[in-house]
Amino acid sequence: MKVNTDGVLLGAAVTLDSGTRNILDIGTGTGTIALMIAQRMEYQSRDTDSVSGIKITGIDIDPDSASEAGDNFRNSPWKSYLNSENTSLRDYAVKLDASRKFDLIISNPPYFENSLKAPDKRRSDARHTDSLSYREIIDFSAAYLSDNGILAMILPSSSERDLTRYALSSGLHLFRILRIRTTPRKEASRIIAEFSVSGKRHQEEEFLSIHSSDGNYSPEYEILTKEFLTIF
């Protein structure tokens, strides 16, 4: 579970506004999504030659994952504004300054509910909502997003109805949804859902197929991920 397709898609596809500076990656794992965002933000800032004020924090309840993310951050070109913390979201919220707001909160959360758990606790915690649910992420985001901030998550398509209803009841408005299919003929199996506080953003619905009908990676997937993967 070092690098998975869900994480790569989320890191590559999430909306990054020009004013995005303070970012939180919840359940960072080995830091893949945080590193991808750092790379994208530096690339977007080349015209101004400035990445001042950017702060990307990755938190994870698993100490080994948080430690590895920290190592990966320190060995990256963007180490000056990447930080890893070993903490649960609940504990992080307790010690967080109430005035601190995030421009982007992003997560590839666990999504297996009511299913058999893996015997390995680390793998089980990474896959099951007992350790972190999307509801907990939404509750936190409703309190700590900036006025123009975004919450972005990748989840199974089957979660869409409950996810969007709970978010709306918490004051967060769905403004972009990317439906992800393995091939063009299959139903979407994942969604990347993005929410805002204001509800004033134009709503977008997009589709992405990972593979073409011939089994190769689709052109749109290659374009989206070409700056991050070396498989092409």
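- Of the possible donor and acceptor atoms, none in the side chain of T225 sits under 3.5 Å from a partner among the backbone N and O of F228.
- D60 and G29 make their closest contact through OD2-N, 2.8 Å (heavy atoms, listed as atom of the first residue, atom of the second, distance).
- Across L82, I106, L35, a single residue satisfies side-chain contact (heavy atoms from CB on, under 4.5 Å) together with D25, and that is I106.
- Shown here is R100, whose CZ atom has more than 12 heavy atoms of other residues, nucleotides or ligands within 6.0 Å.
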Check your understanding: Do D71 and R74 pass the salt bridge (Lys or Arg N to Asp or Glu O under 4.0 Å) test, and can you show the C-alpha distance, the side-chain angles, and the key distance before you say yes or no?
Key -> CA-CA 5 Å; D71 289 341; R74 285 186 291 273; 2.5 Å; yes
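- When side chains are defined from C-beta on, T20 does not count as touching I37, because their heavy atoms never get closer than 4.5 Å.
- Scanning both residues, I105 and S141, for their nearest heavy atoms gives CD1-OG, 3.5 Å.
- To the nearest 0.5 Å, atoms OG (S107) and CG (L24) are separated by 8.5 Å.
- Closest non-hydrogen pair, S88 versus D91, comes out as OG-N, 3.1 Å.
- Between the S218 side chain and the S209 main chain, a donor and an acceptor come within less than 3.5 Å of each other.
- Taking CD of E42 as the reference point, atom OG of S76 lies at 9.5 Å (rounded to 0.5 Å).
- Note that the CZ atom of F73 and the OG1 atom of T28 stand 4.0 Å from one another [nearest 0.5 Å].
- Scanning all heavy atoms of the two residues, the minimum distance from S157 to R190 falls at OG-N, 3.2 Å.
- For K55 and Y81, the positive end is not near the middle of the six-membered ring at less than 6.0 Å and at most 45° from its axis.
- The structure places OG1 of T57 at 11.0 Å from CD1 of I26, a figure rounded to the nearest 0.5 Å.
- N4 places a side-chain N or O within donor-acceptor distance of the main-chain N or O of D6, the cut-off being under 3.5 Å.
- Looking at K226, its side chain never comes within 3.5 Å of a backbone N or O of Y221 through a donor-acceptor pair.
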**Study point:** Test log, rule side chain to side chain contact (heavy atoms under 4.5 Å, CB included), inputs L208 and L9
**Key:** CA-CA 10 Å; L208 173 71; L9 284 168; 3.5 Å; yes
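- Within 6.0 Å of CG on N148 lie no more than 12 heavy atoms contributed by other residues, nucleotides or ligands.
- Rounded to the nearest 0.5 angstrom, I23 CD1 and M41 CE are separated by 4.0 Å.
- Between V8 and V3 the shortest side-chain heavy-atom distance falls below 4.5 Å.
- The minimum heavy-atom distance linking P156 with I191 is given by the pair O-CG1, 4.1 Å.
- With rounding to the nearest 0.5 Å, the separation of CE in M36 from CD1 in I56 is 12.0 Å.
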Practice item. Would you please test I192 and V14 for side chain to side chain contact (heavy atoms under 4.5 Å, CB included) and show each step? Key: CA-CA 8 Å; I192 292 177; V14 65; 5.8 Å; no
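- No donor-acceptor distance shorter than 3.5 angstrom exists from the side chain of S67 to the backbone of P63, with no hydrogens or angles considered.
- Counting only residues at least two apart or in different chains, salt bridge (Lys or Arg N to Asp or Glu O under 4.0 Å) contacts with residues 77-86 comprise E85-K95.
- Taking every heavy atom of both residues into account, I154 and P109 meet most closely at O-CD, 3.5 Å.
- For N86 (side chain) and I61 (main-chain N/O), a donor-acceptor pair under 3.5 Å exists by modelled atom type.
- Proximity of a side-chain donor or acceptor of S212 to a complementary backbone N or O of D214 within less than 3.5 Å is not detected.
- At least one donor-acceptor pair under 3.5 Å links the side chain of N22 to the backbone N or O of K101.
- Taking the side chain as every heavy atom from C-beta outward, D17 and D103 never approach each other to under 4.5 Å.
- In the hydrophobic cluster analysis, where Ile, Leu, Val, Met, Phe, Trp and Tyr join through side-chain heavy atoms closer than 4.5 angstrom, F207 is grouped apart from L155.
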Practice item. With side chain to side chain contact (heavy atoms under 4.5 Å, CB included) as the test, would you mind laying out the steps for I137 and L89 before giving the verdict? Key: CA-CA 8 Å; I137 296 169; L89 181 58; 4.3 Å; yes
Review point. What's the verdict on side chain to side chain contact (heavy atoms under 4.5 Å, CB included) for T5 and I210, showing C-alpha distance, side-chain angles and the deciding distance?
Key: CA-CA 9 Å; T5 302; I210 298 174; 3.9 Å; yes
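- In this structure, F140 and Y92 have tilted ring planes: the angle between them lies in the 30° to 60° band.
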Please list every donor-acceptor pair under 3.5 Å in which a side-chain atom of residues 167-179 meets a protein atom from a residue at least two apart or in another chain.
residue	atom	partner	partner atom	Å
S169	OG	Y166	O	2.7
S170	OG	Y166	O	3.0
R176	NE	E206	OE2	2.9
R176	NH1	A13	O	2.7
R176	NH1	T15	OG1	3.4
R176	NH1	E194	OE2	2.8
R176	NH2	A13	O	3.4
R176	NH2	E206	OE1	3.4
R179	NE	E205	OE2	2.7
R179	NH1	E160	OE1	2.6
R179	NH2	E160	OE2	3.1
R179	NH2	E205	OE2	3.3

